[in-house]
Amino acid sequence: MSNIDVNGKTYETDEEGYLVNLADWNKDVAEYIAKTENVNMSEQHWEVVDFLRGYYDEYQIAPAVRVLTKAIGKKLGPEKGNSQYLYELFPYGPAKQACKIAGLPKPTGCV
Amino acid sequence: MLHIINKSPFGHETLATCFRMAQGGDVLLIEDAVYAATPGTALESLIKAALERFNIHVLQPDLDARGVGAEIIEGVHAVDYGGFVDLVTRNATSQSWL
Amino acid sequence: MSEDNIKKFMFVNRKAPYGTVYALEALEVVLITAAFDQDVSLVFVDDGVYQLRKGQQTKGIETKNFSPTFRALEGYDIEKLYVEKESLQRRGLTEEDLLVEVTVLDSAAMGALMDEQDVILSF
């Protein structure tokens, strides 16, 4: 366990930097985690992060990258539902990195 | 196919469900499931009926450990650990029921 | 992946959802297996049918409600869900009570399906 401090508040994370409590998440925390990942949050980044939070809310899991790509394609169109687009936004892996910024647990099956 | 059962038939549905669904083949009773192979219980007729469709085996060391190794239902085969391995290798698939 | 590497995996679920950890563990294994492009079937028998019961509310027991995850399986290309008819009937349930679309099979058909598998994992 470790902690991050954002705007004077302390949030619990695991050793890899994922938020421990889903309910702790807010936009400031997301920005903070993004910075530690060297990701500059643009509108396109937020779109994916918001999508992930919606997916988790509905299914209670963080999707595998293949599933995320397909689901984004369905909702936001094929120009966004492909791994090239998603890896450009999140170079260290859309599922892993975007999930961390979205405050979700690490996707099942990711090691 | 080999079905491996390890729960007592008293208090667990596992063996009954196995007999209900499986189409035949080998059934091996181990751990607490070995009580199903002992004569004189309320389930003896169920086992005898199942013997018409299945080859039923029971692991002798588990019977012995529980003090019920002296007698088993006629038609049920007692096996040792070597026999357990033979059953597994003889069948293309095994299912260890939980 | 070539056809030769595809095996038929069956996951047999026979436990109710929250009393033990089997149901949740099985679901996690299923999601991981999905990444390997295998032919996956999920089977719900005995108390396992309760995993698919609609309307689960786990707030009061402070446990994660994983039942919505069954609805995500389609997105993982896991579309073969089978429920044993007798298990449903004995519990007074019908397909209407379940939160995903399933194929209901009688005991013999379920047994025959088991015989077709390469690997069976029981939970």
Side-chain angles (χ1 to χ4, degrees), chain B residues 1-37 42-43 45-59 62 84-98, chain C residues 6-17 19-30 38-51 82-91 93 103-123:
Chain B
M1 175 167 181
L2 171 64
H3 298 273
I4 302 169
I5 310 285
N6 75 341
K7 298 286 189 294
S8 166
F10 304 100
H12 289 271
E13 291 187 276
T14 317
L15 184 62
T17 301
C18 172
F19 285 160
R20 184 173 77 232
M21 297 200 314
Q23 301 297 287
D26 290 307
V27 173
L28 173 62
L29 307 169
I30 64 168
E31 300 168 17
D32 288 348
V34 300
Y35 293 115
L43 296 173
S45 57
L46 181 89
I47 301 296
K48 282 186 165 159
L51 278 167
E52 289 172 17
R53 291 191 295 133
F54 298 95
N55 297 313
I56 303 180
H57 315 266
V58 60
L59 193 62
D62 279 334
F84 188 158
V85 174
D86 288 341
L87 280 169
V88 172
T89 54
R90 205 158 67 215
N91 283 277
T93 50
S94 301
Q95 178 179 8
S96 293
W97 292 67
L98 268 183
Chain C
I6 296 182
K7 287 197 171 186
K8 294 176 94 122
F9 279 77
M10 176 184 277
F11 293 89
V12 181
N13 294 281
R14 294 184 48 251
K15 303 280 193 291
T20 63
V21 79
Y22 289 107
L24 177 60
E25 294 281 320
L27 189 53
E28 298 215 327
V29 176
V30 165
Q38 300 296 308
D39 179 343
V40 174
S41 300
L42 265 66
V43 161
F44 299 86
V45 177
D46 293 340
D47 281 348
V49 301
Y50 285 132
Q51 294 177 30
Y82 302 97
V83 172
E84 192 211 17
K85 194 170 157 187
E86 177 155 336
S87 300
L88 272 185
Q89 284 174 345
R90 286 186 66 194
R91 288 161 182 79
L93 300 174
T103 304
V104 177
L105 296 179
D106 64 27
S107 309
M110 197 64 102
L113 190 65
M114 273 181 186
D115 283 339
E116 293 172 14
Q117 305 300 314
D118 295 307
V119 180
I120 299 182
L121 295 166
S122 196
F123 289 89

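Naming convention: chains lettered A, B, ... in sequence-line order (proteins, then strands); numbering from 1 in each chain. Side chains included, hydrogens not; waters and symmetry mates left out as well; all remaining heavy atoms used.
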Calculate, to the nearest 0.5 Å, the distance between atoms OG1 and CE belonging to Thr93(B) and Met10(C) respectively. 10.5 Å
Flag side-chain contact, heavy atom, 4.5 Å: Val45(C) against Arg20(B): yes
Quick one: side chains of residues 106-116 of chain C, donor-acceptor pairs under 3.5 Å with protein atoms, not counting sequence neighbours, listed by atom name and distance.
from, atom 1, to, atom 2, distance (Å)
Asp106(C), OD1, Ala108(C), N, 3.3
Asp106(C), OD1, Ala109(C), N, 2.8
Ser107(C), OG, Glu84(C), OE2, 2.7

To the nearest 0.5 Å, how far apart are CD in Glu13(B) and CZ in Arg90(C)? 4.5 Å
Leu98(B) versus Tyr22(C), closest heavy-atom pair with distance: CD1-CE2, 3.4 Å
Sub-4.5 Å heavy-atom contacts with chain C: which residues of residues 21-31 of chain B show up? Met21(B), Ala22(B), Gln23(B)
Whatever's closer than 4.5 Å to a heavy atom in chain C on Thr14(B) counts as both
What are the two closest non-hydrogen atoms of Ser96(B) and Ser122(C), and how far apart are they? O-CB, 3.0 Å
